[in-house]
Amino acid sequence: MQERHYETVCIINPDVGEEAAKEIVKKISGVIEKQKGVALVVSDWGRKRMTYPIAKKTSGHYVLFSYDMPPDIEKEVELALRYHEGIIRYQTVRVEKRPPKKVQEAKAPQVKVEEAKAPQPEGGANG
């Protein structure tokens, strides 16, 4: 079975503190690895103000997980996120295609640019 690429953003309750937030990130990364997933990127965005309150909180600690995993096992990560008391919101999306490792740049066609001449006033300099 071919692995798929997923990205999950979760919001950790800001009341748990920095050390507890790091432990939650380690736990979720461990769940991904335990379920035969490969964590590619774990990006800690830090504490940010939310657009609207969630669970009476106006800010949260944001973390992005980017990982490859077989499609039928991804539900286990969702369950770990859903039932963890320190996580107030999360969302997982499947990324269809990742960009290739080496992207070739197309050369822009060269265009000859001529200087624009200022229009001469009609009737000469005396007018």
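One is the number of the first residue; the rest follow in order along the sequence.
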Heavy atoms only: give me the nearest V38-I32 pair and the separation to one decimal. N-CG2, 4.4 Å
Who passes salt bridge (Lys or Arg N to Asp or Glu O under 4.0 Å) against K57, sequence neighbours left out? D15
Can you list the residues that meet the side-chain contact (heavy atoms from CB on, under 4.5 Å) rule with [X], with sequence neighbours excluded?
{"X": "E18", "answer": "H61"}
{"X": "K48", "answer": "W45, Y62"}
{"X": "R82", "answer": "L79, Y90"}

Does anything in residues 28-42 pair up under side chain to side chain donor-acceptor pair (under 3.5 Å), and if so which pairs, sequence neighbours excluded? none
Side-chain contact, heavy-atom cut-off 4.5 Å: I87 with N13? no
Take I11 and V63 through the test side-chain contact (heavy atoms from CB on, under 4.5 Å) and record every step on the way to the result. CA-CA 7 Å; I11 304 172; V63 180; over 6 Å; no
For Y67, give me all partners under ring pair (Phe, Tyr, Trp, His ring centres under 6.0 Å), at least two apart in sequence or on another chain. Y6
Distance, nearest 0.5 Å, that separates NZ of K27 from CG of L81: 10.5 Å
Do E7 and T92 have side-chain atoms, one donor and one acceptor, less than 3.5 Å apart? no
Any donor-acceptor N or O pair under 3.5 Å, side chains S59, R49: no
